[in-house]
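Since this is a predicted model, take the numbers as computed values, not measurements. Just so we're on the same page: letters track the sequence lines, and every chain starts at 1.
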Amino acid sequence: MKFRTILMAGAMTAIAGAATAECAFENEVELRSLTAGFEAWKAVTDAMAECGNFTANLDQEFREKQPEAFAADPSLYHIGGVANATLIPLLNAGTIRPLNDLVEKYGQHLKPNQLITVDGDIMAIAMMVNNQHLMYREDILEQLDLEVPTTYDEMLEAAAVIAEADVVQYPLGGTFKAGWNLGEEFVNMFLAHGGNFVDDANMPTINNEMGLAALEKLKATTEYLDPEYLASDSTYVQQQFQQGQIAMANLWASRAGAMDDPEESQVVGKVKMAAAPMGPAAPVSSIWWDGIVIASNITDEEAEAAFRVAMEGIDTETVEAHPTAAIWLIDGYEPGALAAGAAATAAKGARPYPASSAMGIMHTVLGNGIAAYLNGEKDAETTLADIEAAYMTSAQEAGLIE
Amino acid sequence: MKPRVFAAFVGPSILMMLLFIAFPLLSVFWNSFNVTQPVYETVEVESCTAGFLEQTCTTEMKTRPILDEAGEIVRQTEFVGLQTYRNVLELDRLGEALTSGSWAAIQNIDFWKALRFTIMFTLVTLPLVVGFGLGIAMLINNASKLIRGPVIFVSLLPFIITPVIGALSINWLFRGDGILTAFLEWWLARDLALFAQAWTIELLMMVYRVWHVAPFAAIIFYAGLQTVNQDSIESAVIDGASRWQRLRLIIIPHLMPLIIFVAMIHLMDSYRVFEEVVGFRAEGYVISLQWLTYDFLKPDQAGNRSISRASASAMLTMIGIAILLVPLLKRTWRDHKGTR
């Protein structure tokens, strides 16, 4: 019996081995990557592994390891997966290399909007974008004769009607978990009001009318959320949708695919995508990208092999095999129904996430500070003043301001 | 034992203690008085980012660290005295809050909010752990030989579970429509949200901690119960002492050194309460001193971390534990001198 299992396993490996033929070249150099662990990265690193001699590390805590691992000489990883915010520490420390030569040699097929450049140097290759947009239960809105909301206020009005009709447990879902998630909700709302977080001298610019308005909108939203909203992250909201507990949410585009996953979802085909609701100045959303970087502290041969393997990972084949894993930027991607919301949000002028060293601090103090306002411990003015003070202390300690 | 043999035996562990305890402690102490930061320059940079359909390029002022010839970030270290401690303690704000006499204002300052919860958590769970521990120990002791093994095993189970896993399990049992919340809702016939206000979260945290640590106390006390002088118990029974009198006058005094030991261990552990905050996702309502240290130390997505404030906060935690231990240590010292 046991012997049979081993034979079976051997046969499976042989089949998997046959699949390596899909890579355009045989990789001879030992390569390692460190990326986040969500579905799109799994698809991409699986495709990279087909070239051989490649080990992928998929780790949701990658951002805590990456700066140190890439600063080592030689670098512990050759290929890194980053987003616009997590690119900053690597860029600051100079531990990733410009890719201009490699793009010229092996990356002619890349589209211009995949090239992340800083002063003319290509520092990263983007593979996908992500933003928040409206997901809603079509059946519930139709049953109550509601239009699909286009502004945030309309969304709150619709939520009030849904609450009144009592057709679902909670009208809205939101990623309000204290910390990074809650910070991101404020970031989206503040961007939608036209705000900027810091000025050129890294001084905070959130304690103003726009900040107050954004806070009030968030508080108005919490009325329609699960009362345990301060612990609800993206996965929790996704599950609330899948289990039919909520009717609408302004949620990450990368979560859209899960709504129609028959293994997890009880609402397959009922959740539709639309643009993120508009705030006074822009949609309540921020555009993020994910992509790859190549370490500086490795030999040029390794860098060349790493870049070629990475290009195999983010090629058209991967996109065709995993069309719903992400909003791909890669050639050959045809946006389906699930991507409609993300595209419409971008078309309406959603602003990119303003990643910088100062913004890293701002995001943290916002995420820590807003909960006290939402649960009624502080008023809005005190909250913003306290967040501003916390930012000043942290930024001084980090050396960003005098 | 010859001094040389003694040194050979003790040497390695002293070396390890220096390396893994004394040196990190010194470095934390040093970091709490110094601030190390990169030297920044502000430059105009044209950067292009991934737009949806087209690239968006902007030219703006960016702050970035200066790199030296070797490609390393240039850092400067500055002695700041007690400034970091002031940043953590926010004494001026505490002063304002005290003069206005507003408890809410004090609780708006992170450190004091965390301290309030940490002390309450420690002092409330302490007697419960000792009490339940003693209860379980007596139960095991009185169980018949036949079932004693299984009883010990079952009562030790909570202590075997990794704290974070235990906290997560409680979280899943009670969060949203978790099994136990659903049961409570059915039983009380009302809607409950146990993680939507601070006091229920604090209550759950304490219940969890007592459930988790009482078995440890129990096993120590059970060992102590084996050495109770049976003659004294018998003569007490003959004198007509009740069960309660025997417990109060013979067993507890006999176990006192162990009770102090358990209390000290528990004070040290629960003052560093952390798993419950993370496992229960309670950061929005309840924070502890250890969580505060962790939050300072954790790098944000742009790679900034507050090492100095984390160090100061860790030093303050150590001082806090030392203060809490003083009464117990004094008692032990007195007993020690008495027996000599």
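Proximity to chain A is limited to the side chain of R93(B), based on heavy atoms less than 4.5 angstrom apart. For F195(B), the parts lying near chain A are the backbone and the side chain together; criterion is any non-hydrogen pair under 4.5 Å. If you measure heavy-atom distances from A355(A) to chain B, the contacts under 4.5 Å come from the backbone alone. Interface residue V35(B): only side-chain heavy atoms are found under 4.5 Å from chain A. Using a 4.5 Å cut-off between heavy atoms, E377(A) touches chain B through backbone and side chain atoms alike. For I370(A), no part lies under 4.5 angstrom from a heavy atom of chain B. At a 4.5 Å heavy-atom cutoff, the contact between Y353(A) and chain B is made by side-chain atoms alone. Residue Q245(A) touches chain B through its side chain alone, counting heavy-atom pairs closer than 4.5 Å. Using a 4.5 Å cut-off between heavy atoms, I307(B) touches chain A through its backbone atoms (N, CA, C, O) alone. Neither the backbone nor the side chain of P67(A) comes within less than 4.5 Å of any heavy atom in chain B. Looking at D386(A), the atoms closer than 4.5 Å to chain B (heavy atoms on both sides) all sit in the side chain, from C-beta outward. Of the atoms belonging to L115(A), heavy atoms from both backbone and side chain fall under 4.5 Å from chain B. For chain B, no part of Q66(A) is nearby; none of its heavy atoms comes within less than 4.5 Å. With a 4.5 angstrom heavy-atom cutoff, E44(B) touches chain A only via backbone atoms. Contacts of Y236(A) with chain B are made by side-chain atoms alone, with heavy-atom separations under 4.5 Å and no backbone atom involved.
Considering only heavy atoms from C-beta on, F296(B) stays 4.5 Å or farther from E397(A) through its side chain. The side-chain heavy atoms of K177(A) and R281(B), taken from C-beta on, include a pair separated by under 4.5 Å. You'll find the side chain of I88(A) stays beyond 4.5 Å of the side chain of Q301(B), heavy atoms only.
Comparing G360(A), G94(A), A395(A) by heavy-atom pairs within less than 4.5 Å of chain B, the highest count is held by G360(A). Most heavy-atom pairs under 4.5 Å with chain B: of the set W180(A), W288(A), Y229(A), this distinction falls to W180(A). Listed options A198(B), G176(B), P38(B) were ranked by heavy-atom pairs under 4.5 angstrom with chain A; first place goes to G176(B). Taking A93(A), A350(A), G367(A) one by one and counting their heavy-atom pairs under 4.5 Å with chain B, the maximum is reached by A93(A). Highest contact tally toward chain B, considering only I122(A), D121(A), D233(A), T383(A), is held by D233(A) [criterion: heavy-atom pairs under 4.5 Å].
Within a 6.0 Å sphere centred on CD1 of I179(B), heavy atoms belonging to other residues, nucleotides or ligands number 12 at most. Sparse packing is recorded around CD of E402(A), with 12 or fewer heavy atoms of other residues, nucleotides or ligands lying under 6.0 Å away.
For the atom pair CG (N375(A)) and OH (Y285(B)), the distance works out to 5.5 Å, reported to the nearest 0.5 Å. The distance from atom CG of L91(A) to atom CZ of R64(B), rounded to the nearest 0.5 Å, is 8.0 Å. To the nearest 0.5 Å, the span separating SG on C57(B) from CG on N113(A) amounts to 10.5 Å. In this structure, the separation between CZ on R305(B) and CD on E64(A) is 7.5 Å, given to the nearest 0.5 Å.
Between the side chains of N368(A) and D295(B), a donor-acceptor pair is found at a separation under 3.5 Å. Checking T393(A) against N87(B) by side-chain atom types alone, no donor-acceptor pair falls below 3.5 Å.
Put simply, the side chain of N108(B) never gets that close to the backbone of K378(A): no donor and acceptor are under 3.5 Å apart. A distance-only check finds no donor-acceptor pair linking the side chain of E46(B) to the backbone of T117(A) [under 3.5 Å].
Here the closest heavy-atom approach between residue P227(A) and residue A196(B) is recorded as O-CB, 3.2 Å. Smallest separation of non-hydrogen atoms from F174(B) and E228(A): O-OE2, 4.4 Å. Residues S306(B) and S394(A) approach most closely at OG-OG, 4.4 Å, considering heavy atoms. Heavy-atom minimum distance, N304(B) versus A398(A): OD1-CB, 4.3 Å.
Screening N202(A), N92(A), D200(A) against T63(B) for a side-chain hydrogen bond (donor to acceptor under 3.5 Å, both in side chains) leaves a single residue, N202(A).
For the pair K62(B) and D119(A), the salt-bridge criterion is not met [side-chain N within less than 4.0 Å of a carboxylate O].
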